[in-house]
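The structure appears right after this line, and notes come after that.
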Amino acid sequence: MVGTFLCNSEDETRILAEKFASHLEPGTIVLLCGNLGAGKTFFVRAACNFLNITEISSPSFSIINLYSGKYEITHIDFYRINDMEELFPIGFYDYLNDDSIKFIEWADMFPEIFTSGYYMINFINKDDVSREITIKYYE
Ligand SMILES: Nc1ncnc2c1ncn2[C@@H]1O[C@H](COP(=O)(O)OP(=O)(O)O)[C@@H](O)[C@H]1O
Ligand SMILES: [Mg+2]
């Protein structure tokens, strides 16, 4: 599922995330980019809720959160990673190739990691409640 969507409320973003989640398959990589507060974690939470995972917290401090629902989910946040080298000891590359669905916030900090076969979702903060959300797929 790809396109540009204007979501004028949290509910509209939630509905978009649910629709997106309904197309996901094991192993899919989903990169999420956009400013702090743009809605990356909100989108992941809504997508995961749809996949029967209820307690989603932001991984901005923990870096990697693992969940299990309809699918295994790996939720990662690069925000506090200073250098790509830091990704080895936390096991990032083991997760990258497993069967879990990967949601990676701030993935554009290290774009060289991702070469093909991923969704890229960009969030633009239009005002307090509106977000422009663009979903692309790179084969
Ligand atoms: N249309 C919308 N879509 C997504 N989030 C929204 C929307 N309107 C308001 N918000 C709020 O914006 C904030 C987004 O925060 P968060 O998802 O943590 O951002 P990020 O992970 O990108 O830093 C949340 O507090 C959410 O409730
Ligand atoms: Mg976040």
Side-chain angles (χ1 to χ4, degrees):
M1 191 186 118
V2 297
T4 296
F5 307 89
L6 184 60
C7 295
N8 286 316
S9 66
E10 291 182 356
D11 275 345
E12 289 187 21
T13 300
R14 185 175 296 112
I15 288 165
L16 178 67
E18 289 174 354
K19 233 179 243 168
F20 179 74
S22 72
H23 296 286
L24 289 173
E25 291 170 4
T28 305
I29 296 174
V30 183
L31 311 183
L32 304 104
C33 309
N35 291 339
L36 267 185
K40 301 179 295 297
T41 301
F42 184 96
F43 187 97
V44 174
R45 184 176 288 121
C48 288
N49 287 347
F50 181 81
L51 299 171
N52 299 325
I53 301 162
T54 47
E55 299 296 319
I56 302 294
S57 56
S58 172
S60 59
F61 285 95
S62 53
I63 313 289
I64 298 180
N65 289 343
L66 305 177
Y67 299 106
S68 187
K70 181 176 178 193
Y71 301 117
E72 304 296 313
I73 304 286
T74 305
H75 185 189
I76 300 174
D77 193 329
F78 281 171
Y79 190 63
R80 282 167 205 285
I81 301 284
N82 297 304
D83 190 288
M84 266 173 67
E85 294 294 311
E86 295 173 27
L87 295 173
F88 283 98
I90 61 173
F92 168 77
Y93 292 97
D94 304 323
Y95 297 117
L96 188 60
N97 297 308
D98 71 9
D99 258 358
S100 67
I101 294 171
K102 269 71 69 177
F103 288 102
I104 307 176
E105 300 189 36
W106 291 100
D108 48 336
M109 284 174 57
F110 307 114
E112 54 271 61
I113 294 174
F114 308 100
T115 50
S116 65
Y118 58 86
Y119 284 98
M120 166 82 85
I121 309 183
N122 267 287
F123 296 77
I124 298 175
N125 216 316
K126 304 300 264 188
D127 60 37
D128 278 2
V129 293
S130 301
R131 305 290 188 270
E132 185 181 284
I133 300 176
T134 301
I135 303 176
K136 293 182 181 168
Y137 186 75
Y138 293 86
E139 277 187 43

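Just so you know, ligand 1 is whichever comes first in the structure, and atom 1 is the first atom listed for that ligand. In this chain, numbering begins with 1 at the start of the sequence shown. This is a predicted model, so every value here is computed, not measured.
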Open item on the list: Measuring from atom CD1 of Ile121 to atom CD of Glu105, what distance do you get when rounded to the nearest 0.5 angstrom?
Closed with: 10.5 Å

Task: Within 6.0 Å of CD in Glu112, more than 12 heavy atoms from elsewhere - done: yes

- [ ] First locate atom CG of Leu31, then atom NZ of Lys136, and finally report the distance between them rounded to the nearest 0.5 Å.
- [x] 12.5 Å

TODO: Treating Ile, Leu, Val, Met, Phe, Trp and Tyr as nodes and any side-chain heavy-atom pair under 4.5 angstrom as an edge, say whether Leu36 and Ile81 lie in one connected cluster.
DONE: yes

- [ ] Give a yes or no answer on whether the side chain of Lys40 reaches the backbone of Gly34 with a donor-acceptor pair at less than 3.5 Å.
- [x] yes

Open item on the list: With 2.8 Å as the limit, count the protein N, O or S atoms near the Mg ion (ligand 2).
Closed with: 2

Task: Side-chain donor or acceptor of Arg80 paired with backbone N/O of Ser60 under 3.5 Å - done: yes

Task: Near-ring test Phe43/Phe20, centroid separation under 6.0 angstrom - done: yes

Task: Donor-acceptor contact present, side-chain Asn65 to main-chain Ser57, <3.5 Å - done: yes

TODO: Select all protein residues for which some heavy-atom-to-ligand 1 distance is less than 4.0 Å, and list them by chain and number.
DONE: Cys7, Ser9, Glu10, Thr13, Asn35, Leu36, Gly37, Ala38, Gly39, Lys40, Thr41, Phe42, Glu105, Asp128, Val129, Arg131

- [ ] Enter the distance from Asp83:CG to Phe110:CZ here, rounded to the nearest 0.5 Å.
- [x] 6.5 Å

